[in-house]
Amino acid sequence: MSYKFRASYSTLSTWARGDIDRAVEGYFKLATFTTPQMEAGKKFHKEWELEIKETGCMPKVFGGKQIKLPHKTERKIVRQITDWMELVGVIDLDINSKLLIDFKTGKTPSGAYTQSFQHKLYQILRPTAHRFEYHHYDQYKKTSDVSIIYLTDQTMDEGLNYLLTYGAEMHSYLIENRLYERYSK
């Protein structure tokens with residue numbers, strides 16, 4: 001039997017840092033590990049989504065500027081990558097399929113996220129995008145900041161390499177250890 005690997009940034013980043021057990025748990029939704037900080041982040045995301053839908057503007061904590069172009073919040077995209085793998089992700093704010101925005105909360109500033117592969121994988125989901133922004137709100141200091149990344153052919157290549165490398169590695173591990181058979185019921 002052949003199994004399709006459903007890659008996501010959260011699963012692949014957990015796998016890439018070597019936390020195999022947590023990656024497998026997350027992939028098969030075996031355990032839901034949440035901290036109070038994660039719950040707070042989810043609460044802020046919901047509030048911001050509603051604020052954008054109600055006002056047509058960015059959340060006030062990020063300046064409140066009107067969003068003039070067509071936009072969609074919490075856009076879930078599934079993209080077929082190979083015959084054995086698809087990539088799935090939820091874009092917090094997709095503006096005209098050209099600007100992608102991800103909201104972050106907590107103490108880690110937006111610049112730290114620019115070192116991740118999230119924007120590169122989201123570029124695969126939305127190849128028409130040419131810019132990605134991490135908007136960060138520190139609820140403890142009541143401050144916000146933003147980091148902007150321009151998406152290029154190079155970021156696309158890096159994202160595809162990351163996706164195919166770690167996706168193939170994890171997919172093989174799941175097959176070799178018969179984990180699809182154990183948990184896909």
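Hydrogens, waters and symmetry mates play no part in the numbers below; they use all other heavy atoms, side chains included. Nothing fancy with the numbering, it's 1 onward along the sequence.
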Exam field: side chain [X] to backbone [Y], donor-acceptor pair closer than 3.5 Å:
| X | Y | value |
| --- | --- | --- |
| Thr114 | Gly111 | yes |
| Gln118 | Tyr9 | no |
| Asp19 | Trp15 | no |
| Thr11 | Ala7 | no |
| Ser8 | Gly89 | no |
| Tyr122 | Val90 | yes |
| Thr155 | Leu151 | no |
| Gln80 | Thr82 | yes |

If you look only at pairs with a residue in [range], which of them pass as a salt bridge (charged side-chain N to carboxylate O under 4.0 Å, His left out), with sequence neighbours excluded?
| range | result |
| --- | --- |
| residues 112-124 | Lys120-Glu158 |
| residues 140-150 | none |
| residues 169-179 | Arg178-Glu181 |
| residues 78-103 | Arg6-Glu86, Arg75-Asp94, Asp94-Arg126, Asp102-Lys104 |

Does one hydrophobic cluster hold both [X] and [Y], with members joined at side-chain heavy-atom distances below 4.5 Å?
| X | Y | answer |
| --- | --- | --- |
| Ile77 | Phe117 | yes |
| Tyr137 | Phe132 | no |
| Val146 | Leu100 | no |
| Leu164 | Tyr173 | yes |
| Leu99 | Leu69 | yes |

Quick check: closest heavy atoms across [X] and [Y], and the distance to 0.1 Å?
| X | Y | answer |
| --- | --- | --- |
| Ala23 | Thr14 | N-CG2, 3.5 Å |
| Cys57 | Gly64 | CB-O, 3.3 Å |
| Val24 | Leu30 | O-CD1, 4.4 Å |

Residues in salt bridge (charged side-chain N to carboxylate O under 4.0 Å, His left out) contact with [X], at least two apart in sequence or another chain:
| X | result |
| --- | --- |
| Lys107 | none |
| Glu25 | none |
| Lys43 | Glu47 |
| Lys53 | Glu49 |

Side-chain hydrophobic cluster, 4.5 Å single linkage: members besides Val88: Val78
Contacts of Tyr134 that satisfy side-chain hydrogen bond (donor to acceptor under 3.5 Å, both in side chains) - sequence neighbours left out: Ser116, His119
From [X] [atom1] over to [Y] [atom2], what is the distance, rounded to the nearest 0.5 angstrom?
| X | Y | atom1 | atom2 | result |
| --- | --- | --- | --- | --- |
| Arg22 | Ser10 | CZ | OG | 11.5 Å |
| Lys72 | Ile91 | NZ | CD1 | 11.0 Å |
| Ile175 | Ser2 | CD1 | OG | 8.5 Å |
| Leu163 | Leu12 | CG | CG | 6.0 Å |
| Ile20 | Met170 | CD1 | CE | 9.0 Å |
| Glu133 | Leu93 | CD | CG | 9.0 Å |

Determine, step by step, whether His136 and Thr105 satisfy the side-chain contact (heavy atoms from CB on, under 4.5 Å) criterion, reporting the C-alpha distance in whole Å, the side-chain angles of both residues, the deciding distance to 0.1 Å, and the verdict. CA-CA 6 Å; His136 165 254; Thr105 59; 5.7 Å; no
So for atom OH, which belongs to Tyr166, do other residues, nucleotides or ligands contribute more than 12 heavy atoms lying within a distance under 6.0 Å? no
Please indicate whether Gln154 has more than 12 foreign heavy atoms, meaning atoms of other residues, nucleotides or ligands, lying under 6.0 Å from its CD. no
The complete set of ring pair (Phe, Tyr, Trp, His ring centres under 6.0 Å) pairs with one or both residues in residues 70-101, sequence neighbours excluded, reads Trp84-His171
Of all residues at least two apart in sequence or in a different chain, which pass the ring pair (Phe, Tyr, Trp, His ring centres under 6.0 Å) check with Phe62? Trp48, Phe103, His135
Less than 4.0 angstrom from a charged side-chain N to a carboxylate O is my criterion; do Glu74 and Lys76 meet it? no
Quick one: does [X]'s side chain get under 4.5 Å of [Y]'s, heavy atoms only?
| X | Y | answer |
| --- | --- | --- |
| Pro59 | Ile52 | yes |
| Tyr3 | Leu174 | no |
| Met156 | Leu160 | yes |
| Leu179 | Phe28 | yes |

Would you say the ring centroid of Tyr27 lies under 6.0 angstrom from that of Phe5? yes
Where do Phe44 and Gln139 land on the side-chain contact (heavy atoms from CB on, under 4.5 Å) test, with the steps shown first? CA-CA 9 Å; Phe44 280 113; Gln139 65 266 39; 3.6 Å; yes
